[in-house]
**Student:** 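One structure coming up, written as structure tokens, with questions to follow.
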Amino acid sequence: MPESDVPFPERVYEIVARIPSGRATTYGAIARALGNPRGAREVGWALSGVPEGSQLPCHRVVDREGRLSGGWAFGHPEIMAGRLEDEGVPFLEQYRVDLSIAFWDPSVEDDTQQLGLF
DNA sequence: GCCTTGACGGCAA
DNA sequence: GTTGCCGCCAAGG
């Protein structure tokens, strides 16, 4: 069946699920990968529907500046930041990841970008 | 059917 | 580099 039949939230989850450990991506990048460049807010809305305890690594999704805009959804940004830091994600500030190194583009399937090379 | 809210993004001042 | 405002898309009151 056409992918267009798949509900938007599920397409978001599918992308988020394949974000490599130690990397991060943005709401806008995911939206663009789904062919909806203006749907960044919709991506955020989709993730807000993710129940606690889900295996979905939604903590690896940040805004375009690398800030933990969704940190409070985990109860406290420290939880999200600690988990990212534990995976080796570089931070510019306490609540801001270095996307120049850790950014993972969902529209690229090339495995070399998952090697953590820079 | 109208208005407000929200885990965003882009641009102007 | 910051702050503010507007635009987008969906959901909920």
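The chains referred to below are lettered A, B, ... by the order of the sequence lines, with proteins before strands, and numbering in each begins at 1.
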**Student:** Could you check which of dT2(C), dC8(C), dC8(B) has an atom nearest any side-chain atom of Ala40(A)?
**Tutor:** dC8(B)
**Student:** Starting at OH of Tyr95(A) and ending at C1' of dA7(B), how long is that distance when rounded to a whole Å?
**Tutor:** 16 Å
**Student:** Whole angstrom is fine here: how far is it from CG in Leu56(A) over to C1' in dA7(B)?
**Tutor:** 13 Å
**Student:** Whole Å only: how far is the CD atom of Glu65(A) from the P atom of dG1(C)?
**Tutor:** 10 Å
**Student:** Would you mind classifying the nucleic acid contact of Ser69(A) as base, sugar-phosphate or nothing, using non-hydrogen atoms under 4.0 angstrom?
**Tutor:** sugar-phosphate
**Student:** Round to a whole Å and report the spacing from CE of Met80(A) to C1' of dA7(B).
**Tutor:** 8 Å
**Student:** Taking only the side-chain heavy atoms of Arg64(A) (C-beta and beyond), determine which of dG10(B), dA7(B), dT2(C) contains the nearest atom.
**Tutor:** dG10(B)
**Student:** To the side chain of Arg41(A), which of dA7(B), dG6(B), dG9(B) is closest?
**Tutor:** dG6(B)
**Student:** Using whole Å, what does the distance between atom P of nucleotide dA7(B) and atom CZ of Phe74(A) come to?
**Tutor:** 13 Å
**Student:** Nearest to the Glu42(A) side chain among dC9(C), dG9(B), dA7(B), which nucleotide is it?
**Tutor:** dC9(C)
**Student:** Could you check how far CD of Glu93(A) sits from P of dG1(C), rounded to whole Å?
**Tutor:** 10 Å
**Student:** Are the side chains of Thr25(A) and Asp105(A) in contact, using a 4.5 Å heavy-atom criterion?
**Tutor:** no
**Student:** Measuring only between side-chain heavy atoms, which start at C-beta, is Tyr95(A) closer than 4.5 Å to Glu78(A)?
**Tutor:** yes
**Student:** To the nearest angstrom, how far is Leu68(A) atom CG from dC8(B) atom P?
**Tutor:** 12 Å
**Student:** Taking the side chain as every heavy atom from C-beta outward, state whether Val16(A) and Arg60(A) have any pair of such atoms under 4.5 Å apart.
**Tutor:** no
**Student:** Polar atom pairs between nucleotides 1-4 of chain B and protein, under 3.5 Å, N or O only, would you list them?
**Tutor:**
none

**Student:** Trp45(A), Leu68(A): one ILVMFWY side-chain cluster at the under-4.5 Å cut-off?
**Tutor:** no
**Student:** Taking atom CD of Glu14(A) as the centre, report whether more than 12 heavy atoms of other residues, nucleotides or ligands fall under 6.0 Å from it.
**Tutor:** no
**Student:** In plain terms, say whether Glu93(A) and Arg67(A) are close enough for a salt bridge, that is, a side-chain N and a carboxylate O under 4.0 Å apart.
**Tutor:** no
**Student:** Within a strict 4.5 Å, meaning less than it, do heavy atoms of the His59(A) and Phe74(A) side chains meet?
**Tutor:** yes
**Student:** Taking for each residue the nucleotide of DNA chain B with the nearest heavy atom, is it Gly71(A) or Arg32(A) whose nucleotide lies nearer the 5' end?
**Tutor:** Gly71(A)
**Student:** Select one nucleotide: of dC8(C), dC8(B), dT2(C), the one nearest the side-chain heavy atoms of Tyr27(A).
**Tutor:** dC8(B)
**Student:** Indicate, with a heavy-atom threshold strictly under 4.0 Å, whether Gly28(A) touches base, sugar-phosphate, or nothing.
**Tutor:** sugar-phosphate
**Student:** Would you indicate whether the side-chain heavy atoms of Val62(A) and Met80(A) approach each other to under 4.5 Å?
**Tutor:** yes
**Student:** Reading DNA chain C from 5' onward, which residue's closest nucleotide shows up sooner: Trp45(A) or Arg38(A)?
**Tutor:** Arg38(A)
**Student:** Starting at atom CG of Asp63(A), determine the distance to atom P of dT2(C), rounded to an integer number of angstrom.
**Tutor:** 13 Å
**Student:** Between dA7(B), dC9(C), dC8(B), which one does the side chain of Asn36(A) approach most closely?
**Tutor:** dC9(C)
